[in-house]
> 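Mind looking over this structure? Questions follow.
Values below: all heavy atoms of this structure, side chains included; hydrogens, waters and symmetry mates excluded. A, B, ... follow the sequence lines: proteins, then strands. Residue 1 opens every chain. Since this is a predicted model, take the numbers as computed values, not measurements.
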Protein chains: 2
Amino acid sequence: MEENVMTQAMIVRLQQAGYRKTAARNAVMAVLRQAPLHLTHQEILSQARALNATLSLASVYRTLELFTSLGLCRPLYLGEGGPRFACVEDGHHHHMVCRACYCTYHFPECTAGELEVELSSRFGFRIESHLVEFYGLCRECQAEGEAGKDGLG
Amino acid sequence: MEENVMTQAMIVRLQQAGYRKTAARNAVMAVLRQAPLHLTHQEILSQARALNATLSLASVYRTLELFTSLGLCRPLYLGEGGPRFACVEDGHHHHMVCRACYCTYHFPECTAGELEVELSSRFGFRIESHLVEFYGLCRECQAEGEAGKDGLG
DNA sequence: GTAGGTGCAAATGGTTTGCAATTCG
DNA sequence: CGAATTGCAAACCATTTGCACCTAC
């Protein structure tokens, strides 16, 4: 636990829920927070071992489940290979996923803010984060489709 | 294949991609289209057997993978028990998921339309559907948190 | 008629779990 | 010190796959 990778808010959320701040959780959070893309359990393990050489895959599973239940991250399907995890501490994620090659583009625009307020009050839901995902075909896969291969275009 | 559960657009998409219209695919699509909630593989199998008594779980897996690759449905994490599938032929899905009890609320509002047009032209992406997901605590779980149990409130 | 699709059951491997040792508070 | 957490390895079970039979086209 050499570095201060968890924000104060994260530590408070962990500890108020009765959980401890450990080296394993620190390493997983460090990886999630710096990852430019969403990662699988195995990818998180590989990267986190740079910070915690004895980290086990079982702990990665346990930690990601805990973080998800606390609202610190979110599992998503973005193609093949099972769930991938995104850190949602900053509150929102927006991306486009190609259904053919699974490439993913991120964009900063967000139109969900006003809706969030409206829904919060209507349903009494305390909204902590959101995800906006567009789904379709990227430029390259459209071109391949038009070339005749699978006729999807 | 007694009923006409696939839209003409779905049949065209299947066949232009070189796939056949079969009883198994028909049954799975029928279940997806009429389901008020998102279902797991096993739930889809159970319901689809009413339409196709000999349907196998393996075919459900194969069919859902195919439909996903064609953009006819979408896997999501909405709590425990692995992926759940939503039919996205109608183009969009909006819901709120509670991170504690996993209850799910749907709502009709959509603010993604204008953004869709903008992103399409900027990235050359052909957007076919989208998902807007809010994530947080439902009214009941907020109350439980405030009652002191896990201090999340 | 034939390539594509299905059901079955076995194989696979991702995920979970029991437990002794370790660590946080 | 006591309870929570971890790593390991075995257990579990969801998912995939091989194959012979069937069916859409």
Side-chain angles (χ1 to χ4, degrees), chain A residues 1-2 4-6 10-29 39-46 48-49 51-70 72 75 77 79-85 149-151, chain B residues 1-6 10-30 39-46 48-49 51-70 72-73 75-77 79-85 149-151:
Chain A
M1 232 162 336
E2 303 77 4
N4 205 31
V5 296
M6 296 207 204
M10 291 174 188
I11 296 170
V12 166
R13 185 171 285 178
L14 261 185
Q15 297 189 337
Q16 286 202 348
Y19 300 102
R20 295 175 179 176
K21 180 170 175 293
T22 69
R25 290 172 185 161
N26 216 47
V28 171
M29 180 52 73
L39 306 174
T40 63
H41 292 96
Q42 191 63 60
E43 290 164 351
I44 290 169
L45 175 65
S46 303
R49 283 212 163 139
L51 303 167
N52 181 347
T54 65
L55 183 66
S56 67
L57 185 55
S59 286
V60 172
Y61 276 91
R62 286 187 282 229
T63 299
L64 290 168
E65 185 184 351
L66 175 63
F67 284 178
T68 300
S69 75
L70 294 176
L72 300 176
Y77 277 104
E80 305 158 306
R84 292 174 170 272
F85 288 81
K149 185 175 153 292
D150 66 4
Chain B
M1 229 159 341
E2 302 79 4
E3 310 186 28
N4 206 30
V5 295
M6 298 208 201
M10 291 177 188
I11 296 171
V12 165
R13 185 171 284 178
L14 261 186
Q15 297 188 336
Q16 286 202 348
Y19 299 102
R20 294 177 180 174
K21 180 169 176 293
T22 69
R25 291 171 185 162
N26 215 47
V28 170
M29 180 53 72
L39 306 174
T40 63
H41 292 97
Q42 191 63 60
E43 290 165 350
I44 290 167
L45 175 66
S46 303
R49 282 213 164 139
L51 303 168
N52 181 346
T54 64
L55 184 65
S56 67
L57 185 55
S59 284
V60 173
Y61 276 91
R62 287 186 281 229
T63 299
L64 289 168
E65 186 185 350
L66 174 63
F67 284 178
T68 299
S69 76
L70 294 176
L72 300 176
C73 70
L76 298 172
Y77 275 105
E80 303 157 309
R84 293 174 170 273
F85 288 81
K149 182 173 157 292
D150 65 5

> Nearest whole Å is fine: how far is C:dC24 P from A:Tyr19 OH?
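Distance check: A:Tyr19 OH to C:dC24 P gives 18 Å.
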> Give a yes/no answer on whether the side chain of A:Thr54 brings an N or O atom under 4.0 Å of OP1 or OP2 in D:dG7.
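Yes, such a contact exists.
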> For the residue pair A:Leu14 and A:Leu66, establish whether any side-chain heavy-atom pair is separated by less than 4.5 Å.
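A:Leu14 vs A:Leu66: side chains touch.
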> Rounded to whole Å, how long is the line connecting atom CZ of B:Arg25 with atom P of D:dT23?
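Computing the B:Arg25:CZ to D:dT23:P distance gives 15 Å.
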> Between B:Val60 and A:His41, name the one whose nearest nucleotide on DNA chain C is closer to the 5' end.
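The answer here is B:Val60.
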> Closest heavy-atom contact between B:Leu55 and B:Ala48?
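Distance-wise, the nearest heavy atoms are CD2-CB, 3.4 Å.
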> Backbone N or O of B:Arg20 within a donor-acceptor pair of the B:Arg25 side chain at under 3.5 Å?
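Yes, the answer is positive, given that a donor and an acceptor are paired below the 3.5 Å cut-off.
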> Please work out whether the ring planes of B:His41 and B:Phe85 are parallel, tilted or perpendicular, with thresholds of 30° and 60°.
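Taking B:Phe85 first and then B:His41, their aromatic rings stand perpendicular (interplane angle over 60°).
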> Quick one: B:Leu14 CG to C:dG5 P, roughly how many Å, whole number?
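Between P of C:dG5 and CG of B:Leu14: 9 Å.
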> Hey, does B:Gln15 reach any base, or is it just sugar-phosphate, or nothing, if we go heavy atoms under 4.0 Å?
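It contacts sugar-phosphate atoms only.
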> Please work out if B:Ala58 contacts a base, only the sugar-phosphate, or nothing of the nucleic acid, heavy-atom cut-off 4.0 Å.
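Base, at least one base heavy atom under 4.0 Å.
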> Any side-chain N or O of A:Ser59 below 4.0 angstrom from OP1/OP2 of D:dG7?
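So the side-chain polar atoms of A:Ser59 do come within 4.0 Å of the phosphate oxygens OP1 or OP2 of D:dG7, strictly under.
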> Ignoring hydrogens and geometry beyond distance, is the side chain of A:Arg62 in donor-acceptor contact with the base of D:dG7 at under 3.5 Å?
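Answer is yes: a donor-acceptor pair is held.
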> In whole Å, what is the span from the CD1 atom of B:Ile11 to the P atom of D:dC25?
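After rounding, the reported distance stands at 9 Å.
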> Nearest-Å distance, CG (B:Leu64) to P (D:dA14)?
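Distance, rounded to whole Å: 16 Å.
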> Could you give the CE-to-C1' distance, from A:Met29 to D:dT5, as a whole number of Å?
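From A:Met29 CE to D:dT5 C1': 17 Å.
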> How close or far is atom P of D:dT5 from atom CG of A:Leu57, stated in whole angstroms?
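Atom-to-atom, A:Leu57 to D:dT5, this comes out as 19 Å.
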> Rounding to an integer number of Å, can you tell me how far A:Gln42 CD sits from C:dG13 C1'?
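Whole-Å distance recorded here is 12 Å.
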> Does CD belonging to B:Glu65 count more than 12 external heavy atoms closer than 6.0 Å?
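At most 12 heavy atoms, drawn from other residues, nucleotides or ligands, come within 6.0 Å of this atom.
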> If you find the nucleotide of DNA chain D closest to B:Glu65 and the one closest to A:Arg49, which residue's nucleotide is nearer the 5' end?
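Checking each residue's closest nucleotide, the 5'-ward one belongs to A:Arg49.
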> Among the nucleotides C:dA3, C:dT6, D:dC8, which one has an atom lying closest to any side-chain atom of B:Arg20?
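Comparing C:dA3, C:dT6, D:dC8 against the side chain of B:Arg20, the answer is C:dA3.
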